[in-house]
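Contents: one structure, followed by commentary.
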Amino acid sequence: MQGCASVRPDVVTYGILVNGLCKAGRVGDALRVLDGMSRQDLDIRPDVVTLNTVVDGLCKSGRVQEALAFVEQRMSSVHGCPPNTVTYNCLIDAFCRVGNISMAYELVEKMENEGVPQNIVTLNTIVGGLCRAGRTGAALEFFREKRTVWPEGKGNAVTYSTLVGALLHTNNVGMAMELFHEKMSEGHSPDAIMYFTMISGLTQAGRLEDACSMASSMKEAGFKLDTKAYNILIAGFCRKKRLHEAYELLQEMKEVGIRPDVCTYNTLLSGSCKAGDFAAVDELLGKMIDDGCQPSVITFGTLVHGYCKVGKIDEALRILRSMDESGIHPNNVIYNTLIDFLCKRGDVDLAIELFDEMKEKSVPANVTTFNALLKGLRDKNMPEKAFELMDQMREERCFPDYVTVDVLMEWLPVIGETDRLKRFMQQGEHTASKRIVSDRTSA
DNA sequence: GTAGGGTTAG
């Protein structure tokens, strides 16, 4: 035993505590610990790592301006720790995530002016921020520009998978492939995330054969596809109505010991519904349960949608009723599906019954619910009930969208209710602008 | 003890 001195907390102990609090979303508590450290008459002072942890905690909890103020007003003057590369990287990431790219650029410039070196994470953070903002071209340009002037600007696996993923998701398959091979030709081999990005992006771009050959390369390189990768490929085959191959992948998963999850089954159920193969649906439901995979609210939603789509609304209603025994509460997606199809079939009364049932069961109606009902009421020309719903929308602060506006604009003026439409719209505008303000202030 | 890349289903 070394005595008590060896178990006294040091700055790293505090660092672990502060980090734990931040990661648990308790930034306020982290700040209090930091204040406690600063006040104590111990020889422990927060260091740059502790401070960066708090800065990142503030950033990741959406308190970006506070993080910036903390860096500018406290780090050097109060704590004697000037911001370093990590500090700036946290801030840059946060400003990118709230869409303030110009502030992110400003911070990069500030690093230059203050002699804080940029590193590979700075590069990847900006590249990622631009890609997320849909500015893939600007991201590529930024990379091309910095790769020669920044000491760490050459780009690593993160840079390339970010860019390749963004290119694939914007359907720029040619450029994505070029970049992928550029990295490979330098003697680098893809890591698991790069493979995943390629598989997911190629599938998204509709290039299933390429996605599959990428999956083969991944296996040859000694990686295993995980459940998510299989799910993505299965969804891709389902979208292309190639159910046989989708089911083969399920078989392959089982053979190589990757467990299908509820999402795997839901994807295949949805595909089988869309193919109209309800015998396969029943068989797969059985397998799913045998496999220890409990149906979720999405499973029920898939089945309800599938039966509605082929006009078997009674069967869809039977599934809604069967949810009670399963202990899974129907949500508004399920009710909306049924209400929409009932209205389209002209069965507005039953749709309204379901709408009332939602209220009894405290399932919140949303704009999709109201739109479906309003369309049904328009088709049956039942304005009184529609006015009632419009009032409810206002009371429940459910804001009309372009569909609501569309439906009412082609209906109410025809039946001489233009004024009521105007009032409804004005209320919408008024409250909608208030809502935007309150969203901003609470963010 | 701190920062950056993949998330599939109604």
Side-chain angles (χ1 to χ4, degrees), chain A residues 9-23 30 46-57 59-60 83-94 96-97 119-129 131-132 152 155-166 168-169 190-201 203-204 225-236 238-239 260-271 273-274 295-309 316 319 330-338:
Chain A
D10 62 5
V11 68
V12 176
T13 323
Y14 277 98
I16 295 168
L17 175 61
V18 167
N19 190 34
L21 288 169
C22 286
K23 295 291 179 296
D47 62 2
V48 72
V49 174
T50 331
L51 297 169
N52 285 344
T53 305
V54 170
V55 169
D56 195 49
C59 285
K60 296 228 159 58
N84 65 9
T85 304
V86 175
T87 325
Y88 278 104
N89 289 345
C90 295
L91 287 173
I92 290 168
D93 184 57
C96 285
R97 280 178 201 273
N119 66 8
I120 183 70
V121 179
T122 321
L123 175 77
N124 293 337
T125 304
I126 294 271
V127 165
C131 288
R132 220 179 296 117
E152 289 189 42
N156 62 6
V158 178
T159 329
Y160 279 88
S161 57
T162 305
L163 285 166
V164 166
L168 288 172
H169 286 287
D191 63 9
I193 293 182
M194 184 74 223
Y195 277 118
F196 186 98
T197 306
M198 293 299 284
I199 292 169
S200 155
T203 304
Q204 177 83 32
L225 273 77
D226 61 8
T227 303
K228 278 179 204 156
Y230 275 108
N231 288 351
I232 282 167
L233 286 170
I234 288 172
C238 285
R239 270 197 298 274
D261 61 8
V262 63
C263 180
T264 319
Y265 285 107
N266 289 344
T267 307
L268 284 162
L269 285 170
S270 166
C273 281
K274 283 179 183 144
S296 66
V297 67
I298 295 180
T299 315
F300 286 100
T302 305
L303 298 173
V304 166
H305 187 267
Y307 281 112
C308 282
K309 199 75 199 278
I319 286 165
N331 59 13
N332 54 17
V333 177
I334 293 183
Y335 276 106
N336 289 350
T337 306
L338 281 160

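These numbers come from the heavy atoms of this one structure, side chains and all, not from hydrogens, waters or symmetry mates. Here is the naming used below: chain letters follow the sequence lines, and residue numbers restart at 1 for every chain.
- Looking at the side chain of A/Lys274, the nearest of the listed nucleotides B/dT2, B/dG10, B/dA3 is B/dG10.
- Atom CG in A/Leu233 sits roughly 14 Å away from atom P in B/dT8 (whole-Å rounding).
- Atom CD in A/Gln204 sits roughly 13 Å away from atom P in B/dG6 (whole-Å rounding).
- Donor-acceptor pairing under 3.5 Å, judged by distance alone, is absent between the side chain of A/Thr197 and the base of B/dG6.
- Taking the side chain of A/Ile193 as heavy atoms from C-beta on, and the options B/dA3, B/dT2, B/dG6, the nearest nucleotide is B/dG6.
- The side chain of A/Ile298 lies closest to B/dA9 when the candidates are B/dG1, B/dG6, B/dA9.
- The closest side-chain donor-acceptor pair between A/Thr125 and A/Asp93, if any, does not fall under 3.5 angstrom.
- Out of B/dT2, B/dA3, B/dG5, the shortest distance to the side chain of A/Asn19 is found at B/dT2.
- Between B/dT7, B/dA3, B/dA9, one nucleotide has an atom nearer to the side chain of A/Asn89 than all others, and that is B/dA3.
- Neither side chain, A/Thr267 nor A/Ser270, offers a donor N or O lying under 3.5 Å from an acceptor on the other.
- Partners of A/Phe300 according to the ring-ring contact (aromatic ring centres under 6.0 Å, His included) rule, which considers only residues two or more places apart in sequence or in another chain, do not exist here.
- As judged by a 4.0 angstrom heavy-atom cut-off over every strand, A/Ile120 is placed among the base-contacting residues.
- Judged by distance alone, with hydrogens and angles left aside, A/Asp191 brings no side-chain donor or acceptor close enough to the base of B/dG6 to form a pair under 3.5 Å.
- Base contact: A/Ala157 has a heavy atom under 4.0 Å from a base atom.
- The separation between A/Asp56 atom CG and B/dG1 atom C1' is 13 Å, rounded to whole Å.
- One side chain, A/Asn52 or A/Thr87, offers a donor N or O that lies under 3.5 Å from an acceptor on the other.
- In this entry the distance linking CD1 of A/Ile199 with P of B/dT8 reads 15 Å, nearest Å.
- What separates CE of A/Met198 from P of B/dT7 is a distance of 14 Å, to the nearest Å.
- Among the nucleotides B/dG5, B/dT2, B/dG6, the one closest to any side-chain atom of A/Phe196 is B/dG6.
- Nucleic acid contact for A/Asn156: base, since at least one base atom lies under 4.0 Å from a heavy atom of the residue.
- A/Thr50 comes within 4.0 angstrom of a base, heavy atoms only.
- Within 4.0 Å (heavy atoms only), A/Thr302 reaches sugar-phosphate atoms of the nucleic acid but no base atom.
- Residue contacts shown for A/Asn84 are absent, as no nucleic acid heavy atom lies under 4.0 Å away.
- Side-chain N/O atoms of A/Ser200 include one lying less than 4.0 angstrom from OP1 or OP2 on B/dT7.
- Checked against B/dG6, B/dG1, B/dA9, the side chain of A/Asp47 finds its nearest nucleotide in B/dG1.
- Contact between the side-chain N/O atoms of A/Asn231 and the OP1/OP2 oxygens of B/dA9 is not found at any separation under 4.0 Å.
- One interatomic measurement links the two molecules: CD of A/Glu152 to C1' of B/dA3, which rounds to 13 Å at whole-angstrom precision.
- The side chain of A/Thr162 has B/dG5 as its nearest neighbour among B/dT2, B/dG5, B/dG10.
- Protein atom CG of A/Leu225 is 13 Å distant from nucleotide atom C1' of B/dT8, rounded to whole Å.
- Among the heavy atoms of the strands lying under 4.0 Å from A/Val297 is at least one base atom, whether or not backbone atoms are also near.
- Residues A/Thr227 and A/Asp261 have side chains that never bring a donor and an acceptor to within less than 3.5 angstrom of each other.
- Of the N and O atoms on the side chains of A/Asn89 and A/Thr122, at least one donor lies less than 3.5 Å from an acceptor on the other residue.
- Using a 4.0 Å cut-off, no side-chain N or O of A/Lys23 falls inside it from OP1 or OP2 of B/dT2.
- Put simply, NZ on A/Lys60 is 6 Å from C1' on B/dA3, counting in whole angstrom units.
- On a pure distance criterion of 3.5 Å, a polar donor-acceptor pair joins the side chain of A/Asn119 and the base of B/dA3.
- Counting any heavy atom pair closer than 4.0 Å across all strands shown, A/Val18 reaches no nucleic acid atom.
- Base contact: A/Asn331 has a heavy atom under 4.0 Å from a base atom.
- Nearest approach of A/Met198 to A/Val164, heavy atoms of both residues: SD-CG1, 3.2 Å.
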